[in-house]
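Residue numbers start at 1 and run along the sequence shown.
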Amino acid sequence: MSHLRTQFPFFRQHPELVYFDSAATAQVPQTVVDAITDYYIRAKVNVHRSGYRLASQLTDRFEQVRSDVATYINAPSARQIVFTYGTTDGFNLLAQALSSRLKAGDEIILTEAEHHANLVPWQQLAHKLGLVLRWIPVDKHGAIQWQQLDSLLSQRTRLVCFAHASNTLGAYAPIKTLVAKIHAVGALCIVDGAQAIAHCQVDVQAMDCDAYLFSGHKLYGPTGVGVLYAREGLLDDAAVYRSGGEMVQQVAKSHSEFQPMPLKYEVGTPNISAVLGLGAAIAWCRDNLTDAIFAHEQQIYRDLRQGLSARAGIELVGEDTDGVPLILFKSAQLHPQDLALALDAQNICVRTGKHCAMVLHDALHSDGLVRLSVAAYNNRQDVERFFSALDRALTIEDDDMALPTAQLPELDELRSAKGWENKYRQIMLLGKQLPKIPTEQQSPDSLIEGCESPVYLLAAERSGRWQFQADSPSKIIRGLLMVILLPLQQQPREAINEFDVDAYLHELGVAHFLSQSRQNGLRAVIERLKTLSGLS
């Protein structure tokens with residue numbers, strides 16, 4: 001296992017990090033880096049069009065990757081493999097291509113656990129064509145209630161779309177059983193394989209699904225490339241998703257004739273370097289992702305789950321399964337955003353939030369969770385370091401953050417603080433002084449969209465001056481709210497409208513410590529402040 005880890009340059013560059021976020025994106029082995037670099041240094045030409053030798057050789061290499069992908073997932077033919085820009089792009093392609101087969105009143109069945117990639121494109125298509133979305137629910141523990149599919153299937157069902165393994169729940173879907181029921185009513189079965197592809201052997205013929213999609217970056221490959229496997233004939237007569245160069249056979253002033261599958265759906269110059277990188281990733285996976293590696297991943301998963309279960313105040317969400325090795329949990333003491341920051345300060349990388357699965361979180365009445373996801377390169381030392389950091393984060397007492405006086409800390413202390421740990425402390429001190437908004441006033445009208453954690457904002461105006469009140473369950477978000485509210489309290493509308501939050505955060509020296517999504521959340525708060533003051 002240690003030899004496998006040394007193949008990943010990321011860990012040579014960051015030996016201090018524990019990386020438990022591979023479900024978001026996996027690291028790449030050196031062979032993938034070499035394949036991409038080799039293209040740009042030795043063979044940066046185009047594919048499928050130029051007649052000179054170097055271009056022909058590159059086209060052969062490009063098409064060999066298509067064949068290698070087909071072999072890796074046991075597709076009958078490379079002709080059934082379409083290169084996309086990722087799983088999300090693949091679902092958009094499918095939704096547009098299959099739209100000509102659908103009409104108002106037709107039904108699409110999804111689960112409440114679907115990633116937005118396998119939900120929003122169908123939702124948008126349903127709005128456009130008058131389709132009906134039906135849902136397989138999850139129970140209070142997050143388990144998908146597959147037995148309810150029987151009552152949802154009907155002669156109106158056209159598509160059933162679900163994940164091979166959820167990016168939040170981890171459990172594998174009983175695909176063979178599901179496909180038989182779906183095909184029995186004449187519907188198509190479309191499978192999101194983005195999470196499963198790196199953790200089990202995929203055989204699309206054995207599954208008998210009509211389409212299977214995944215992304216290269218979750219299979220130890222580069223970003224910007226994905227795969228859509230489509231059953232023979234599924235897309236031959238379907239509508240094109242995008243049109244232009246490369247995907248055409250003949251173009252006249254009045255009409256165009258398109259290439260056959262798969263080039264029909266690969267418009268323009270493809271992401272050639274990423275495809276070659278995907279080929280290197282497929283080769284690496286073929287040589288390294290053995291049953292022993294999958295068993296190793298499951299052992300890391302078991303160690304993490306057992307350690308979390310043993311700690312007071314930690315609640316695991318979802319079933320204990322032999323699915324993909326990921327775990328969702330929450331702490332009774334710390335909001336997920338606060339816990340993630342405390343772990344990040346100790347070089348532990350985890351994912352927090354709603355994980356592009358807001359429908360699932362709504363069903364679970366959750367405003368966010370922490371996710372740990374395991375890959376082949378994780379080891380026992382990662383587990384030990386994670387629990388050491390977690391225990392430290394959970395044992396910080398509120399008294400450690402107590403203010404010496406009842407006065408608010410001056411922003412000068414935040415400006416002068418060096419490093420994220422000290423700035424973090426000052427922000428937390430400010431957050432402790434933010435008055436809470438009563439629960440009955442935390443209404444949908446006062447909720448601000450676009451923040452990592454729920455944020456509620458109230459405003460009142462007297463004599464041309466504005467007073468604001470804000471609240472959030474996250475301590476770090478409360479502190480950041482205090483940071484941006486302090487200079488705006490009792491200010492006239494003109495001063496609020498002229499406030500530049502980006503310049504202000506830079507002046508305080510905190511901008512580069514904040515994630516882009518957190519900065520976007522603060523901008524959303526400022527926009528709401530400006531809107532409220534403008535409604536006077």
Side-chain angles (χ1 to χ4, degrees), residues 335 337-338 341 367-368 401-418 420 422-536:
H335 187 274
Q337 299 296 334
D338 300 329
L341 277 173
D367 65 357
M401 291 290 185
L403 294 176
T405 71
Q407 299 299 313
L408 290 174
E410 294 294 334
L411 288 179
D412 286 344
E413 296 179 29
L414 178 59
R415 288 187 183 91
S416 61
K418 303 298 183 183
W420 172 240
N422 291 323
K423 287 190 180 291
Y424 171 80
R425 176 179 173 81
Q426 292 300 320
I427 292 171
M428 295 290 277
L429 287 170
L430 284 163
K432 287 174 66 66
Q433 298 300 300
L434 186 69
K436 291 186 176 294
I437 293 178
T439 303
E440 60 272 16
Q441 292 181 276
Q442 295 181 8
S443 67
D445 290 339
S446 62
L447 179 65
I448 300 178
E449 300 293 340
C451 300
E452 291 180 328
S453 169
V455 170
Y456 297 92
L457 182 66
L458 301 176
E461 183 261 345
R462 289 184 180 178
S463 303
R465 302 274 175 168
W466 284 87
Q467 184 73 27
F468 300 104
Q469 192 174 357
D471 201 358
S472 172
S474 165
K475 293 180 181 178
I476 186 63
I477 299 299
R478 286 172 56 81
L480 290 170
L481 288 171
M482 181 66 96
V483 167
I484 62 175
L485 288 183
L486 278 173
L488 297 178
Q489 297 288 33
Q490 300 299 327
Q491 293 297 315
R493 180 193 310 166
E494 294 75 19
I496 296 169
N497 286 335
E498 293 172 3
F499 184 72
D500 185 340
V501 65
D502 294 316
Y504 175 62
L505 294 175
H506 278 285
E507 188 265 329
L508 291 177
V510 299
H512 66 286
F513 292 114
L514 302 178
S515 67
Q516 189 63 52
S517 60
R518 189 160 290 134
Q519 291 188 51
N520 289 340
L522 293 179
R523 293 187 190 100
V525 173
I526 295 297
E527 289 305 310
R528 177 66 68 86
L529 291 172
K530 293 179 178 180
T531 299
L532 290 173
S533 66
L535 294 176
S536 174

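Residue pairs that meet the salt bridge (charged side-chain N to carboxylate O under 4.0 Å, His left out) test with at least one member in residues 477-487, sequence neighbours left out, are Asp471-Arg478.
For the residue pair Gln337/Arg518, the side-chain donor-acceptor check at 3.5 Å is satisfied. In the model, Gln426 has no side-chain atom that pairs as donor or acceptor with a side-chain atom of Asn422 under 3.5 Å.
When all heavy atoms are compared, the tightest approach of Tyr424 to Asp338 is OH-O, 4.1 Å. Nearest heavy atom pair, residue Tyr504 against residue Val483, reads OH-O, 2.5 Å. Minimum interatomic distance between Gln491 and Pro487 (heavy atoms only, all atoms of both residues): CG-O, 3.4 Å. The shortest heavy-atom contact between Leu430 and Leu486 is CD2-CD1, 3.8 Å. Here the shortest heavy-atom pairing between His335 and Pro454 reads NE2-CD, 4.5 Å. The two residues Leu457 and Phe468 have their closest heavy-atom pair at CD1-CB, 4.4 Å.
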Begin from the C-alpha positions of Leu532 and Leu458 and carry the test side chain to side chain contact (heavy atoms under 4.5 Å, CB included) through to its verdict. CA-CA 9 Å; Leu532 290 173; Leu458 301 176; over 6 Å; no

Decide yes or no on side chain to side chain contact (heavy atoms under 4.5 Å, CB included) for Lys423 and Leu414, but give the supporting numbers first. CA-CA 6 Å; Lys423 287 190 180 291; Leu414 178 59; 4.1 Å; yes

I'd like to know whether Leu447 forms a side chain to side chain contact (heavy atoms under 4.5 Å, CB included) with Val455, so could you lay out the CA-CA distance, the side-chain angles of the two residues, the decisive distance to 0.1 Å, and finally the verdict. CA-CA 6 Å; Leu447 179 65; Val455 170; 5.7 Å; no

Apply side chain to side chain contact (heavy atoms under 4.5 Å, CB included) to Arg462 and Gln467, showing your working. CA-CA 8 Å; Arg462 289 184 180 178; Gln467 184 73 27; over 6 Å; no

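In this structure, Leu485 and Leu529 have side chains that are in contact, with non-hydrogen atoms separated by less than 4.5 Å. Residues Pro492 and Arg465 form a side-chain contact, since some pair of their non-hydrogen atoms from C-beta on lies under 4.5 Å apart.
Here the CG atom belonging to Leu480 is positioned 8.0 Å from the OG atom belonging to Ser474, to the nearest 0.5 angstrom. Summarising the geometry, atom CD belonging to Glu507 is positioned 4.0 Å from atom CZ belonging to Arg415; distances are rounded to the nearest 0.5 Å. The CG atom of Leu481 sits 7.0 Å away from the CG atom of Leu522 when rounded to the nearest 0.5 Å. For the atom pair CD of Gln469 and CD of Gln441, the computed distance is 6.5 Å after rounding to the nearest 0.5 Å. A distance of 14.5 Å separates CH2 in Trp466 from NZ in Lys530, rounded to the nearest 0.5 Å. The CZ atom of Arg528 sits 8.0 Å away from the OG atom of Ser446 when rounded to the nearest 0.5 Å.
Between the Gln442 side chain and the Tyr456 main chain, no donor and acceptor come within less than 3.5 Å of each other.
Shown here are the salt bridge (Lys or Arg N to Asp or Glu O under 4.0 Å) partners of Arg523, two or more places apart in sequence or in another chain: Asp502.
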